Amino acid sequence: MQSQAHLIQTETHIDTRMEELYLTSFPIVARFVSKLNGTMEDAKDIFQDALIIYLERSHRHDLLDVDFPQKYILGIAKHLWMRKFKDSRRYIRFDNFESSLIIPLDFYPAVKTEKLLAFLQTTGEKCLDLLRDFYYQQCTMKQIVVKYNYGSERSATVQKFKCLEKIRETVKLKYHTYEDFFE
């Protein structure tokens with residue numbers, strides 16, 4: 001009976017100790033992870049792992065009366081975060097990866113420019129010029145508003161949309177597919 005009471009008292013002590021460690025140590029770990037561009041979820045994961053390691057070591061008596069367990073947990077968390085950060089450097093981000101790709105010149109099929117130009121010309125000269133300026137010259141909508149004397153960017157956008165719709169309708173009427181425009 002006495003051992004059961006001792007067990008309950010030990011569990012209560014462990015619960016109180018864990019709660020105290022959580023309240024005093026988690027904010028420190030969260031600030032550290034946040035400073036290194038980590039998220040709150042990263043901080044929680046790292047803290048939980050650090051807390052488990054600390055508790056396992058203290059249970060095995062690997063720790064000889066650490067005066068400041070918060071600092072010890074932060075040290076473990078720093079080590080875990082640095083390891084995670086180092087491991088994540090092995091992965092390349094898509095934006096960096098994309099700029100390092102070399103695409104062969106013959107990768108894209110050749111466009112049947114005469115056929116495509118014929119469809120573009122069905123929209124009229126003003127639409128053809130507007131689409132050329134937007135897509136090939138990469139003019140902004142502000143530049144297009146000024147060049148074509150539109151009242152606003154919205155009206156220029158609507159006109160561009162109407163030009164594209166004219167092309168779509170023409171393609172639908174002629175029963176052409178995407179592949180018809182490539183050699």
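Source: prediction; values computed, not measured.
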Novice: Can you give me the closest heavy-atom contact between Y150 and L130, atom names plus distance?
Specialist: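 Closest pair (atom of Y150, atom of L130, distance): OH-CD1, 3.3 Å.
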
Novice: From F47 CZ over to F32 CZ, what is the distance, rounded to the nearest 0.5 angstrom?
Specialist: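 Separation between the atoms: 14.0 Å.
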
Novice: Kindly give the heavy-atom pair with the smallest separation between I73 and S25, and that separation in Å.
Specialist: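 Heavy atoms only, the tightest pair is CD1-OG, 3.8 Å.
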
Novice: Would you name the heavy atoms of V33 and T39 that are closest together and state the gap between them?
Specialist: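 It is CG1-O, 3.9 Å.
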
Novice: May I ask you to test the F161-T157 pair for a side-chain heavy-atom distance under 4.5 Å?
Specialist: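 No, every pair of side-chain atoms sits at 4.5 Å or beyond.
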
Novice: What pair of heavy atoms forms the shortest contact from E153 to K142, and how long is it?
Specialist: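 Smallest interatomic distance, heavy atoms only, reads OE2-CG, 3.0 Å.
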
Novice: Indicate if M82 and L74 have the same hydrophobic cluster label, given that clusters are the connected sets of ILVMFWY residues with side-chain heavy-atom separations under 4.5 angstrom.
Specialist: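 Per the 4.5 Å side-chain linkage, M82 and L74 are co-clustered.
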
Novice: So how far is it from Q137 CD to K147 NZ, rounded to the nearest 0.5 Å?
Specialist: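 One gets 7.5 Å once the value is rounded to the nearest 0.5 Å.
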
Novice: Output the distance between atom CZ (R31) and atom NZ (K35), rounded to the nearest 0.5 Å.
Specialist: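 Rounded to the nearest 0.5 Å, the CZ-NZ separation comes out at 7.5 Å.
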
Novice: Any side-chain heavy atom of L80 within less than 4.5 Å of one from D45?
Specialist: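 A side-chain contact is absent here, since even the closest heavy-atom pair is not under 4.5 Å.
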
Novice: When you check the gap from the basic side-chain N to the acidic O, do R132 and D129 get nearer than 4.0 Å?
Specialist: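 Salt bridge: yes.
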
Novice: Nearest 0.5 angstrom please: I144 CD1 to N149 CG, how far?
Specialist: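 CG of N149 is found 13.0 Å from CD1 of I144.
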
Novice: Rounded to the nearest 0.5 Å, how far apart are CG of D49 and NE2 of H79?
Specialist: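 That separation rounds to 11.5 Å.
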
Novice: Find out whether K84 and D42 are in side-chain contact, i.e. whether some heavy atom of one side chain is under 4.5 Å from a heavy atom of the other.
Specialist: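 The answer is yes, as the side chains (C-beta and beyond) meet within the 4.5 Å cut-off.
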
Novice: Do Y135 and L164 have side chains that approach each other closer than 4.5 Å (heavy atoms only, starting at C-beta)?
Specialist: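 Contact flag for Y135/L164 side chains = yes.
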
Novice: Could you tell me whether the side chain of C127 reaches within less than 4.5 Å of the side chain of K166, counting heavy atoms only?
Specialist: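 A side-chain contact under 4.5 Å exists here.
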
Novice: Show the nearest heavy-atom pair for residues A30 and A43, with the distance to one decimal.
Specialist: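 The answer is CA-CB, 3.8 Å.
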
Novice: Going hydrophobic residue to hydrophobic residue with side-chain gaps under 4.5 angstrom, can you get from F26 over to L36?
Specialist: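 Both belong to a single hydrophobic cluster.
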
Novice: Heavy atoms, side chains only, cut-off 4.5 Å: are Q48 and Y22 in contact?
Specialist: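 Counting from C-beta outward, Q48 and Y22 do come under 4.5 Å.
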
Novice: Hey, any chance I46 and M40 share a hydrophobic cluster, counting ILVMFWY side chains that come within less than 4.5 Å of each other, even indirectly?
Specialist: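 They do share one cluster, since a chain of ILVMFWY contacts under 4.5 Å joins I46 to M40.
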
Novice: Tell me the closest heavy-atom pair linking A156 and V145, and the distance in Å.
Specialist: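 That closest heavy-atom pairing would be CB-CG2, 3.9 Å.
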
Novice: Any Lys/Arg nitrogen of R168 or E165 sitting under 4.0 Å from an Asp/Glu carboxylate oxygen of the other?
Specialist: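 Yes, R168 and E165 are salt-bridged.
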
Novice: Do Y136 and L131 have side chains that approach each other closer than 4.5 Å (heavy atoms only, starting at C-beta)?
Specialist: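 Counting from C-beta outward, Y136 and L131 never come under 4.5 Å.
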
Novice: Under the 6.0 Å and 45° cation-pi test, does K160 pair with F134?
Specialist: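 Verdict for F134: a cation-pi partner in K160.
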
